[in-house]
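Okay, so here's the structure we're looking at.
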2 protein chains.
Amino acid sequence: MSTTAPSDDIGTRLRLVRQIYGLTQRELARRAGVTNGAISLIEQNRVSPSISSLKKILDGIPLSLADFFTHNFAASDQVFFAASELTEIAFGKTVSMRMVGGNLKERALQMLHETYQPGADTGEEMLRHQGEECGIIVAGSLIITVGAQEKTLQPGDAYYFRSDIPHRFRNPGPAPCLLISASSPPSF
Amino acid sequence: MSTTAPSDDIGTRLRLVRQIYGLTQRELARRAGVTNGAISLIEQNRVSPSISSLKKILDGIPLSLADFFTHNFAASDQVFFAASELTEIAFGKTVSMRMVGGNLKERALQMLHETYQPGADTGEEMLRHQGEECGIIVAGSLIITVGAQEKTLQPGDAYYFRSDIPHRFRNPGPAPCLLISASSPPSF
DNA sequence: TCCTGGCGTTTAGAATATTCAACATTTTTG
DNA sequence: CAAAAATGTTGAATATTCTAAACGCCAGGA
């Protein structure tokens, strides 16, 4: 039992969270039913708020006390990613993936833009890992095997399965196959 | 981003935690550098402590604010388990396991008392999953394969490996093999 | 039985947090 | 550019929490 403790600089933390949510001290104060002055003093660490005050304030965001103390609110958390910013991952010469938010920490989700060149195959020794995954074919076609089932998917088709069921992806066609996938928790 | 929020009944929560850790108000107050009266008032919800006070108090346990707000401190959390209370899990007719704390929630750890009957084998298709695992042979003997390595373990021998390395357990001997294992995170 | 020591609780007063209203500064707008 | 609106900060008054010391209660030991 030991969640990593965030800094106890409550003031900076609150200011950060408030700004991430795009609220002014006055707007948050109004929603929370406290005064803007109180929020100002707290954010400057000139007072240490009571739990009841902090709770009221966080309710105005809204955000639970648990989340407030648990999560790492990095101001640098990127929200938008240019195509060129996606981190590239290659598996052999036939499979490559472009990951959304690879630089983020504490991701609960992994989204990939995958490319399977003609002939690409994740291998006879099926993949197995924890979590769940799903995806939608964007271009080309792909043969997906999941447990005892196998199907050729065309653009627009999709899949969803528990990742602990052995699975395999193959592109038999003459054209590259593009697909967008999501999985949780991230496997890399 | 939404950790389940525990009750905001800070008083009861603090009292519960304090008692779980076997501390009196006075002892905790001494460690935390606050007065026993303050703790009494907080536990009765007659005041809402400041973050700084609550932090000082939790430091005396010690417990982080994040953990305090995150975890579910069920007073009923069982600590001791009679052999008969271990939850039984069978895989085929040759492998069975007895799990410690199967009824607990939020386990970070899984401990099993495993029995491999003569001839038992987890299968040629090696096991792979997230986390790490280790164990000690209690009786009989067992052939364990981990990646490229393979070894016959005797009572007292032990193993430790990252569970994502393909692994396999076999009991070739004429006698049942007993072992105790631990893994994290729990795989079931 | 009457102590003694430990427990949680309570109360008055000191310390701290919060409100209210005003201020200085920046941003928006005509 | 000037006026108006919005933002964060501050000081004095109020409200709340925290301390220090006492209280009542109960379990064990002479």
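Protein chains get the first letters and strands the later ones, always in sequence-line order, with residue 1 at the start of each.
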Parallel, tilted or perpendicular, as decided by the 30° and 60° cut-offs, for the rings of B/Phe69 and A/Phe69
parallel

Could you label the plane-to-plane angle of the B/Tyr116 and B/Phe169 rings as parallel, tilted or perpendicular, counting under 30° as parallel and over 60° as perpendicular?
tilted

Take the protein atom [atom1] of [X] and the nucleotide atom [atom2] of [N], then report the distance between them rounded to whole Å.
| X | N | atom1 | atom2 | result |
| --- | --- | --- | --- | --- |
| A/Gln19 | D/dT7 | CD | C1' | 12 Å |
| A/Ile57 | C/dA17 | CD1 | P | 13 Å |
| B/Lys55 | D/dC18 | NZ | P | 15 Å |
| A/Gln44 | C/dA17 | CD | P | 13 Å |
| A/Glu43 | D/dT9 | CD | P | 7 Å |
| B/Leu23 | C/dG6 | CG | P | 16 Å |
| A/Lys56 | D/dA15 | NZ | C1' | 11 Å |
| B/Ile51 | D/dC18 | CD1 | C1' | 16 Å |

In Å and rounded to the nearest 0.5 Å, what is the [atom1] to [atom2] distance from [X] to [Y]?
| X | Y | atom1 | atom2 | result |
| --- | --- | --- | --- | --- |
| B/Gln19 | B/Leu14 | CD | CG | 9.5 Å |
| B/Arg168 | B/Asp121 | CZ | CG | 4.0 Å |
| A/Glu43 | A/Leu16 | CD | CG | 10.0 Å |

Does a side-chain heavy-atom distance below 4.5 Å link [X] with [Y]?
| X | Y | value |
| --- | --- | --- |
| A/Arg170 | A/Thr145 | yes |
| B/Phe68 | B/Leu54 | yes |
| A/Leu23 | A/Arg31 | yes |

Angle by which the axis turns from one end of the helix from C/dT1-D/dA30 to C/dG30-D/dC1 to the other, five pairs per end, to 10 degrees:
20°

Using a heavy-atom cut-off of under 4.0 Å over every strand shown, decide if [X] touches base, sugar-phosphate, or nothing.
| X | result |
| --- | --- |
| A/Ser53 | sugar-phosphate |
| A/Leu41 | base |
| B/Ser50 | sugar-phosphate |
| A/Val47 | base |

Is [X] close enough to [N] that one of its side-chain N or O atoms is under 4.0 Å from OP1 or OP2 there?
| X | N | answer |
| --- | --- | --- |
| B/Arg46 | C/dT10 | yes |
| A/Ser48 | C/dT16 | no |
| A/Ser40 | D/dT9 | yes |

Least distance between heavy atoms, A/Gly173 atom then A/Pro118 atom
O-CB, 3.4 Å

If you take all heavy atoms of A/Glu27 and A/Thr24, which pair is closest and at what distance?
N-OG1, 3.0 Å

I want to verify a distance call: between D/dT19, C/dC7, C/dT9, whose nearest atom is closest to the B/Arg15 side chain?
C/dT9

Of all of residues 25-36 of chain A, which get a heavy atom below 4.0 angstrom from DNA chain C, listed by number?
A/Arg26, A/Val34, A/Thr35

